[in-house]
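Taking it in order: structure first as C-alpha cells, then the write-up.
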2 protein chains.
Amino acid sequence: MSDREEAGGEASPKFRRRKEARPDELLDAALDLFTEQGFDRTTVEQIARRAGVSKGALYLYFPSKDAVIEALVDRAVGPVVGEVVIQIERFEGDPRVLLKRFVPLFAARLSDPRIVAVPKLVVREAVSHPRLAEMYRERVIGRVLPALATLFRQGVAGGHIRPVDPEMAVRSLLGPVLMHVILADVFGIRAEGVTPGDIGLARLFDTHLTIFCAGLDPAPVQEAPHG
Amino acid sequence: MSDREEAGGEASPKFRRRKEARPDELLDAALDLFTEQGFDRTTVEQIARRAGVSKGALYLYFPSKDAVIEALVDRAVGPVVGEVVIQIERFEGDPRVLLKRFVPLFAARLSDPRIVAVPKLVVREAVSHPRLAEMYRERVIGRVLPALATLFRQGVAGGHIRPVDPEMAVRSLLGPVLMHVILADVFGIRAEGVTPGDIGLARLFDTHLTIFCAGLDPAPVQEAPHG
DNA sequence: AAAAACTAACTGACCAGTCATTTATTTAAT
DNA sequence: ATTAAATAAATGACTGGTCAGTTAGTTTTT
C-alpha cells in the first residue's frame, strides 16, 4: 500500500493544478450540499472537500461563502430563458396550441433534479439572500410571466379563449406545476402508484392541461359565471 | 422618572413571574423572527429578548432551539383542519358547489400573515427539520388532499364533472393559490395595480376558479381531449 | 423562610476567512 | 535532455467572533 516514494513507481501527486475546472467543480459541490443541508448548515470546508480541494483553495476562486451561492444561481439562470420567451412573444393564435407544443420541453426541464434544485434553493434562501431572489425575478420570472400574460391577452382579444384576467391566468397555468416541483420532496406527497417524481409530473401535466384548456374555451354564452 | 428605590413609591420590579403566558409569548416572538430571518440566523437570545425575558428563561420552557420551532408548528397545525375535512368528506353532489362555498373561508385564512407564516416556514426549514414536514404532512396535507380527492372522485362517479384523475385535480385546484402564497413575497410578484397581497389573492381566486370550474364541466362529448 | 421564576455571566464547540508554507508546473539556462 | 529558478496553485493550521446551552446566584411570590 505504501507507494509513497521509492518503490520504483510514480509518486502520486498530492494535488493537481487545474485552474480552469475548479470554479465549476466547486459550484457543483456547493449545489449538492446546499440542496441536502441548506446554505447555513453547509460549511465552506465541506464544499471544498467534496470538490476535492482544501478550504483555502475555494477562496482563490470566490471571495466569500455568499459569493458561492450567488455564482451558483447566476450560472443556472442564464440559459433558461431567452429563446423560449421570444417564441412566446411572437406567437399569434390560440394560446393553447403553443402551450401544448411546449409541454415536452417543460416536462424535460422539470424532471432534471439539477435544474429544479436552483429555484428551490432560491425560494429557501431568499430571506437571507435577497439578491438571489432579485436575480431570479429579473432574469426568469420577470420575463416569462409577462410574455405568457401577453399571450393570453392576445388570445382573449382574438376570441380564441374566454375573457380572463391574463396575469392571473398565467398563475392558474403554472401554479400546480411549480407547486408540485417545490413541495413534492418536502412533503413526500406520492400519489398512488408513483415511484419517482417523473410519472407524477406527467400525470399532473395531463390532468391539469385538460382542465385548464377546457376551462379557457370561449363560453357557450349560456349562464353567468356565478350566482 | 427615577422611581427606582425609596421615593415613597413602588419599586418597579425587574421582571414578573408569569409561568402560564411565557410559552406562547416565546413562540410568537420566535415565529416573527424565523419569518424575518430564518431559523438558523435567529439566535435564542433574540427570541428571548423579543418575548421580554432572558435567554435562560427560554430554557425553562423549551429544552432546545429545535424544540421551539417544533412547538411552533405543533401549535399552529392543530386547529386548521378537523371540521373542514369532515364537511368535505360527507358532501355529495357537484364538487364545485362545495368549493365555492369554502372560498370566503380559505381567502380569509390565507390573508392572515400569521397563519400563512407557518407553512412557509415549514417549506423553508424542512430540509434541516424533517419532523416539521412530517407533522404538517400527517396532520394537514395528508388529511386535506385525500378528502378533496374523494370529493372529486365522487363528483366524477356522479357525472357532475368531467372524468379526471382525482388526485391530480386536487393539485390543479390548490396549486395556483399555494404558489401565490409562497412566492408572492419571495419574488415580490405584484400584478398591475395591486398594493397588498389581499387584492391579488381575490383576483387570483376569481380567475382561477372560473377557469377551473369551467374546465370540469362534463365534456359536451364532441372531440377527444388530445390528438 | 421556602419555593419558584428569572437573570447574567460563562463555556465549549464551531466556523468563515486569512496567511505562511508546501507542492506542482512552467520557463529558461546549461 | 537535464536541471535549476520562477511562478502559480493549493494546503492546513490559525484567529477572532458567534452562539447554543449551562449554572450559580438574584429577585419575586407564597
Side-chain angles (χ1 to χ4, degrees), chain A residues 3-6 9-30 33-34 36-72 125 128-129 131-132, chain B residues 3-6 9-30 33-34 36-72 125 128-129 131-132:
Chain A
D3 54 3
R4 255 302 152 82
E5 289 156 38
E6 349 216 358
E10 313 280 317
S12 60
K14 268 190 181 168
F15 59 85
R16 253 168 256 180
R17 294 171 53 177
R18 306 189 305 118
K19 188 178 183 178
E20 309 304 323
R22 293 299 188 214
D24 269 327
E25 290 171 350
L26 285 162
L27 293 182
D28 289 343
L33 287 162
F34 292 163
E36 288 166 23
Q37 315 176 341
F39 178 83
D40 286 324
R41 299 170 106 92
T42 299
T43 71
V44 172
E45 176 77 31
Q46 284 178 316
I47 300 171
R49 279 285 169 257
R50 183 168 298 201
V53 296
S54 69
K55 178 159 67 154
L58 184 144
Y59 283 95
L60 295 173
Y61 300 103
F62 300 98
S64 69
K65 191 184 174 189
D66 280 358
V68 173
I69 194 173
E70 286 181 20
L72 197 54
E125 309 294 345
S128 29
H129 294 90
R131 303 179 54 173
L132 298 187
Chain B
D3 52 6
R4 256 301 152 84
E5 290 155 35
E6 350 217 356
E10 312 282 315
S12 63
K14 268 189 182 169
F15 60 86
R16 254 168 253 178
R17 293 170 54 175
R18 305 188 306 120
K19 188 179 183 178
E20 309 305 323
R22 293 299 188 213
D24 270 328
E25 290 171 349
L26 286 163
L27 293 181
D28 289 343
L33 288 161
F34 292 162
E36 289 166 23
Q37 313 176 341
F39 179 83
D40 286 325
R41 298 170 109 90
T42 299
T43 70
V44 173
E45 175 77 32
Q46 285 179 314
I47 299 171
R49 279 286 168 255
R50 184 168 299 201
V53 297
S54 68
K55 177 159 66 153
L58 183 146
Y59 282 96
L60 294 173
Y61 299 104
F62 301 98
S64 69
K65 190 184 173 188
D66 280 358
V68 173
I69 193 172
E70 285 180 21
L72 198 53
E125 309 295 345
S128 29
H129 294 89
R131 304 179 54 173
L132 297 187

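These figures come from a predicted structure and were not determined experimentally. Just so we're on the same page: letters track the sequence lines, and every chain starts at 1. Keep in mind that the numbers below use all heavy atoms, side chains included, and drop hydrogens, waters and symmetry copies.
- For A/Arg18 and C/dT25, the CZ to P distance is 11 Å, given to the nearest whole Å.
- Among residues at least two apart or in separate chains, there is no ring pair (Phe, Tyr, Trp, His ring centres under 6.0 Å) pair with a member in residues 50-71 of chain A.
- Within the model, atoms NZ of B/Lys55 and CZ of B/Arg49 stand 10.0 Å from one another, a figure rounded to the nearest 0.5 Å.
- Distance NZ (A/Lys19) to C1' (C/dT26): 14 Å, rounded to an integer number of Å.
- Here the side chain of A/Phe15 is nearest to one of C/dA24, C/dA8, C/dC6, namely C/dA24.
- If you take CZ of A/Arg49 and P of C/dA16, they are 14 Å apart, rounded to a whole angstrom.
- In this view, A/Arg16 satisfies the salt bridge (charged side-chain N to carboxylate O under 4.0 Å, His left out) rule with no residue, not counting sequence neighbours.
- For D/dA10, the OP1/OP2 oxygens have a side-chain nitrogen or oxygen of A/Arg22 closer than 4.0 Å.
- Summarising the geometry, the separation between CD on A/Gln37 and C1' on C/dC15 is reported as 14 Å, rounded to the nearest angstrom.
- Checking C/dC6, D/dA10, D/dG12 against the side-chain heavy atoms of B/Ala57 singles out C/dC6 as nearest.
- Every residue meeting the side-chain contact (heavy atoms from CB on, under 4.5 Å) condition with A/Arg131, not counting sequence neighbours, appears here in chain and number order: A/Glu70.
- Considering only residues two or more places apart in sequence or on other chains, B/Asp28 meets the side chain to side chain donor-acceptor pair (under 3.5 Å) condition with B/Arg75, B/Arg114.
- Nearest nucleotide to the A/Arg16 side chain, out of C/dT7, C/dT25, D/dA9: C/dT25.
- Contacts of B/Thr42 classified as side-chain contact (heavy atoms from CB on, under 4.5 Å), with partners at least two apart in sequence or in another chain: B/Leu33, B/Phe34, B/Gln37, B/Gln46, B/Ile47.
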Between the protein and nucleotides 19-24 of chain D, which nitrogen or oxygen pairs are less than 3.5 angstrom apart?
unit_1, atom_1, unit_2, atom_2, d
D/dA20, OP1, B/Lys65, NZ, 3.2
D/dA20, OP2, B/Val44, N, 3.0
D/dA20, N7, B/Lys55, NZ, 2.9
D/dG21, OP2, B/Tyr59, OH, 2.9
D/dG21, OP2, B/Lys65, N, 2.8
D/dG21, N7, B/Lys55, NZ, 3.0
D/dG21, O6, B/Lys55, NZ, 2.5

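- Using a 4.0 Å heavy-atom cutoff across all strands shown, A/Tyr61 reaches sugar-phosphate atoms only and no base atom.
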